[in-house]
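Chain A is the first sequence line, chain B the second, and so forth, proteins listed ahead of strands; every chain is numbered from 1.
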Amino acid sequence: MNPRLTRQELLRRGAAGGALLAFPSLLAACGGGGGDESSGELKDVLNFANWELYIDTKKPTTLQQFTEQTGIKVNYYEDIDDNATYFAKVQGPLRQGQGIDRDIFIFTDNSRFPSLLIDQGWVQQIDKSLIPNMSNLIDAQAHPPFDPDRDYSLPWFSGMTGIAWNKKLTKPVTTMEQFFTDPSLKGKVSMLLELADSVGLTMLSNGDDPTTVTSETFDKAMSTIGDAVDSGQIRKFYGNSYTGPLANGDLAAAIAWSGDVKQLQADNPDLEWSLPESGGMIWTDNMLIPTGGSVPTASTYMNFVYDPDIAAQIALGAPYISSVNGVKEAAEKIDPAAADNPYIFPSEETLSNVYQYDSAALNNDDFITTWQGVTGQ
Amino acid sequence: MGTFFHRNRGLTPYLLLLPGVLWLSLFFLVPLGFLGYQSLQSGIYPNFEFTWEFSNFSDAFSNYHEQLFRSFLYAGIATAVCLVLAYPLVYWIAFRAGPWRNLFLLAIVAPFFVTYLVRTLAWLNILADQGPVVELLRDIHVLGEDGRLLATTFAVVSGIAYNFFPFMALPIYVSLEQIDERMLEAAKDLYASSTQAFLRVTLPLSAPGIVAGTLLTFIPAAGDFINAALLGTPKQSMVGNVIQAKFLESLDYPTAASLSFILMGIILVGLLVYARVVGAERLTG
């Protein structure tokens, strides 16, 4: 072969390069993720974006069982640290109608993103004909405001937001007041970047109702948190990544999600978690299928996890609250003590002490901007 | 081709400029124009409209002047620290290290073989509250019982100084290394003491290196966000953190874009003042 290009060939290649630059859509067509053509067919790989510490790890894991049953390999990515950052990451391609190389991703119902994704048409309808197990969905989760008929989403798991502490470094932290003002915790506590979690807990401790947010109660919560930032009490605002500093002792206490702490206890047995006396928050994460994701593949997986036996294994491993009927019985078959696990099956008393953040307040831009200011962004 | 250049000799400089100009217009001017366009938009994600919204600038400045000020303060301290640490070090390497010069230079550059983010993440472990460094400092009572290094201004400024150190050291080294040692001998022949020789010969001759080093350190340090994000708290938040969060988390593009312009503007004005003070020829070497 003659390594030197002829002039003609050079021109031809140059023109091809120019055409690529001139038509970004051509480039997009070459890029991964693809458009609608991949959405309709069953694939042999499922790309699943989830949060950390959010699935069972005991072998054979449910992901392995899924592969064995269906032949579909799962690429499980712990992509998500907090709702806003993950949304910002994926919105670029989604906005241009491109895929993000994921078939399922997860957003929390106490953020504005599930409704935003559905309103913008950046997620696809689930294929209910492939999800007969959807009949196991509990009634309480059947009609959420962002997706009244569950056409686009199914719950992954629910959890509670409370306070975690390291008993080697501090006495039990049982009230938000102690969290915000105890001098022995100065510079050793963190809050969550999630507005609904951090603000909700603060409102409860202020004696306000997080299920009906007003400008007044919001401002009051902001000044409580702002004071704690200014005094140096709050060290940082984290997404899911509070787990590292909490486990290694940089934090003495953190606003934390129920199941995470249970899993972290394997690394650090000194960690404890509880709802503050004034009450905690409850939320539900939802599986959604982004543009470009394979609907049949994702729906097949959703059907798989709505089998109570599978849901029970994930619930025990995570451990978070399942939205699948029959999980309790299935879990007891695996572990007779499971029914008493307060992280998976919270008692009536616990459930009466947790609140869902006002969904009408999630899209309030003033609130969002103010919150960003307080968190140092 | 040869004859083409001979015939059009006047064109040659422009042809040589062409790749650079194309590069800069495509990857600097076009994005800059787009950024300017975004900075004058109004509305909320995902519906922005171009409305000549100049109030974005005044709003951004009044809301975030604290972070802006902090950025320049931290960048200034870090630059001074780098200068004080780097100058004696590279002086020694240039004049005294002999055959070991390259090895020492390599040692300065070696941390750059690891990515910026990982280098900074490493400090999270080194400075951890329960880590060996903090425990030692507590034992010898440099730090109090509850003292810490991580999540402090000290950690952020040190992180910046550490990360940008080679940008200060290398230009100074180059300017010192070029000094003809006979000049120093001549100074001594003319009865200059070592101090005088340093102040009147070495220092002025290395000034271009110092100027280049301070600029290469200060400018990126002022826009840095990684160090404050990983090693600081919300109280150490710099303007880079705000811009990053506005662009990538809250998707408030107009504010992010106008803050970027404000940062750029301040740096540009600062640069002009600096050029006036030290003399423009020093900036260009």
Counting only heavy atoms not in [X], do more than 12 sit closer than 6.0 Å to its [atom1] atom?
X      : atom1 : answer
B:F69  : CZ    : no
B:F61  : CZ    : no
A:K220 : NZ    : yes
B:F34  : CZ    : no
B:F154 : CZ    : no
B:E66  : CD    : no

For the pair B:L248 and A:K89, evaluate side-chain contact (heavy atoms from CB on, under 4.5 Å) and give the outcome as yes or no after the intermediate values.
CA-CA 7 Å; B:L248 298 179; A:K89 216 179 197 171; over 6 Å; no
In terms of heavy-atom proximity below 4.5 Å to chain B, should [X] be classed as side chain, backbone, both, or neither?
X      : value
A:F87  : side chain
A:D82  : neither
A:D250 : both
A:L251 : neither

Could you tell me which portion of B:I44 (side chain, backbone, both or neither) has an atom closer than 4.5 angstrom to a non-hydrogen atom of chain A?
side chain
Gap between atom CG of B:D129 and atom CG of A:N248 - 0.5 Å precision
8.0 Å
Between atom OG1 of B:T233 and atom CD1 of A:I234, what is the distance when rounded to the nearest 0.5 Å?
10.0 Å
Of A:N83, A:T375, A:T85, which is the lone residue that meets side chain to side chain contact (heavy atoms under 4.5 Å, CB included) with B:E249?
A:T85
Are the side chains of [Y] and [X] in contact, using a 4.5 Å heavy-atom criterion?
X      : Y      : result
A:Q372 : B:V242 : no
A:Q91  : B:P46  : no
B:Y45  : A:R95  : yes

Could you go through B:R148 and A:R235, starting from their C-alpha distance and side-chain angles, then the distance that decides it, and tell me whether this counts as side-chain contact (heavy atoms from CB on, under 4.5 Å)?
CA-CA 11 Å; B:R148 64 169 201 256; A:R235 180 179 182 126; 3.4 Å; yes
Hey, does the side chain of A:K236 reach the backbone of B:P234 with a donor-acceptor pair shorter than 3.5 angstrom?
no
